[in-house]
Protein chains: 2
Amino acid sequence: MSFLSPLPGTMLYGLSRIIRGGAALCRHTAPARVQCERRYSVAHRPRDYALPNPTWNPDTKRLYEELNRDRSWRRLPSYEEFARSRPSISPEADRKTRLFTRNLDQDGIGFEYCMFYNEAEKRTVCIFQPGPYLGGLTGHTHGGCIATIIDATVGTGIVHSIGPAMTANLNIDYQNPIPLGSTVIIDSQVEKVDGRKVYTSCQVRSHDDAVLHNKATALYITLKSGESEAQL
Amino acid sequence: MSFLSPLPGTMLYGLSRIIRGGAALCRHTAPARVQCERRYSVAHRPRDYALPNPTWNPDTKRLYEELNRDRSWRRLPSYEEFARSRPSISPEADRKTRLFTRNLDQDGIGFEYCMFYNEAEKRTVCIFQPGPYLGGLTGHTHGGCIATIIDATVGTGIVHSIGPAMTANLNIDYQNPIPLGSTVIIDSQVEKVDGRKVYTSCQVRSHDDAVLHNKATALYITLKSGESEAQL
């Protein structure tokens with residue numbers, strides 16, 4: 001068992017504090033796996049959805065610009081077709097499948113988000129603006145949509161910090177509903193690693209740090225070298 | 001505190017057993033709230049998505065027909081625009097918003113599902129066929145998509161058995177990935193009610209009962225009369 005975070009169980013909130021913490025500690029470079037993904041993407045030039053578009057509201061844009069300026073946080077690109085980099089899937093299958101969080105054709109109506117990764121802290125932050133097509137029965141953002149962006153943020157962070165992994169448990173507290181069209185920050189951190197088990201914690205807060213929407217823990221299991229997720 | 005299930009913590013699996021259990025116990029009629037929803041829907045005649053369409057695979061169709069034949073299970077209609085029955089939302093907002101699970105225009109690519117409710121057992125079953133636009137990074141159904149259909153099933157069951165409620169906690173174990181295009185059954189049950197707290201349990205199994213994909217518990221808080229979800 002090893003603790004990857006210098007202060008397991010503690011998380012700092014407010015973007016200025018998130019950035020300050022990262023700047024003081026960052027001394028890692030991107031792992032080889034991530035560099036491969038980038039080469040692939042450049043060669044095929046699919047659209048990177050983790051860049052600003054006109055549907056982003058001022059809070060989403062401001063948070064993006066603040067994190068993008070800080071060198072301790074690396075922006076993670078995001079594509080709609082998760083199968084592009086999987087050679088085992090045919091071109092026919094490629095055309096038919098889409099990543100759940102990038103499956104709508106029109107900007108601004110679904111998941112608008114971008115993620116930033118801090119290598120030193122094994123920490124991933126997602127700026128998220130839920131569009132009007134993500135509604136729940138109560139008129140706010142659907143609870144499953146919040147689970148989705150938490151799973152996406154935590155899972156992406158683990159892929160970048162440790163390697164491919166599968167979700168084993170998600171435990172989410174819903175404390176305050178998230179209005180459609182608002183901007184929230186998902187702040188996820190690896191807390192400890194025990195063999196193939198990766199324990200993480202996560203919070204979802206409003207763009208101005210004033211409202212705690214969700215607290216969550218998540219357990220992931222890393223894949224062995226050459227193992228497919230179907231063998232788990 | 002009252003126990004609504006005769007055997008809290010126990011659930012039967014396999015559709016034949018689900019149906020048998022329901023047929024022996026059903027002796028309730030639909031509550032007034034549900035009848036109001038039906039009148040509204042008939043007046044506006046929106047499309048009911050919980051009816052078979054040509055993209056349903058043979059397993060989905062078979063399970064639908066078996067539950068539809070059994071009088072102890074009542075089919076629950078499903079619409080894309082959750083705001084239709086909320087008089088506080090303007091027609092303009094109505095046009096812009098959609099229910100998260102019904103937000104794709106093309107049949108078969110997203111959430112294909114229908115729910116059935118058993119009043120006697122306070123039990124809700126969802127037949128679910130995840131389409132190719134619900135993919136996760138590993139190529140199977142996205143973990144957030146599974147959380148979404150669990151939240152939708154459990155939440156719908158509580159609305160029909162007790163009344164409007166908000167998700168307070170979702171705790172989901174992911175045991176086996178769900179292939180895109182397959183058919184699974186989400187089986188959800190109210191376990192106990194303690195004041196405004198409603199405790200539920202849920203399992204997700206393959207159409208043939210052979211594979212346990214997910215186990216979950218969920219806690220919901222019912223809304224007080226006249227209370228909006230924003231006041232929780």
Side-chain angles (χ1 to χ4, degrees), chain A residues 81-83 86 88-89 93 96-105 109-110 130-152 155-156 159 164-177 179-180 216 218-219 221 223 228-230 232, chain B residues 81-83 86 88-89 93 96-105 109-110 130-152 155-156 159 164-177 179-180 216 218-219 221 223 228-230 232:
Chain A
E81 295 174 10
F82 62 87
R86 296 171 62 86
S88 62
I89 295 183
K96 287 182 178 172
T97 55
R98 279 199 192 175
L99 186 64
F100 181 38
T101 53
R102 300 293 187 193
N103 69 6
L104 289 164
D105 289 324
I109 60 175
Y133 276 33
L134 306 188
L137 289 172
T138 61
H140 289 100
T141 304
H142 196 292
C145 165
I146 297 165
T148 300
I149 201 70
I150 287 173
D151 187 38
T156 298
V159 166
M166 292 283 284
T167 314
N169 177 266
L170 274 182
N171 190 342
I172 303 173
D173 286 338
Y174 293 83
Q175 303 196 354
N176 285 288
L180 293 170
L219 170 65
I221 309 293
L223 301 181
S228 83
E229 60 278 2
L232 270 177
Chain B
E81 294 173 9
F82 62 87
R86 296 171 62 87
S88 62
I89 295 183
K96 288 182 179 172
T97 55
R98 279 199 193 176
L99 186 65
F100 180 37
T101 54
R102 300 293 187 192
N103 68 8
L104 289 164
D105 289 323
I109 60 175
Y133 277 31
L134 307 188
L137 290 172
T138 61
H140 289 100
T141 304
H142 196 292
C145 166
I146 298 166
T148 299
I149 200 70
I150 288 174
D151 187 37
T156 298
V159 166
M166 292 283 285
T167 315
N169 177 265
L170 274 183
N171 190 343
I172 304 173
D173 286 337
Y174 293 83
Q175 303 196 355
N176 285 289
L180 293 170
L219 170 65
I221 308 293
L223 302 181
S228 84
E229 59 279 1
L232 272 176

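Proteins get letters first, then strands, A, B, ... in listed order; numbering begins at 1 in each.
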Measuring from atom CG of B:Leu180 to atom OG1 of A:Thr97, what distance do you get when rounded to the nearest 0.5 angstrom?
7.5 Å
Sequence neighbours excluded, which residues qualify as side-chain hydrogen bond (donor to acceptor under 3.5 Å, both in side chains) partners of A:Thr167?
A:Asp151
Expected output: side-chain B:Asp173 to main-chain A:Asn169 donor-acceptor under 3.5 Å
no
Sequence neighbours left out, what passes side-chain hydrogen bond (donor to acceptor under 3.5 Å, both in side chains) with B:Thr101? Give chain and number order.
B:Tyr113
In short, A:Pro132 meets B:Lys96 closest at the heavy-atom pair CB-O, 3.0 Å
Between B:Ile150, B:Leu104, B:Ile146, which has the largest tally of heavy atom pairs under 4.5 Å with chain A?
B:Leu104
So, do A:Leu170 and B:Tyr174 sit near enough that their side-chain heavy atoms are less than 4.5 Å apart?
yes
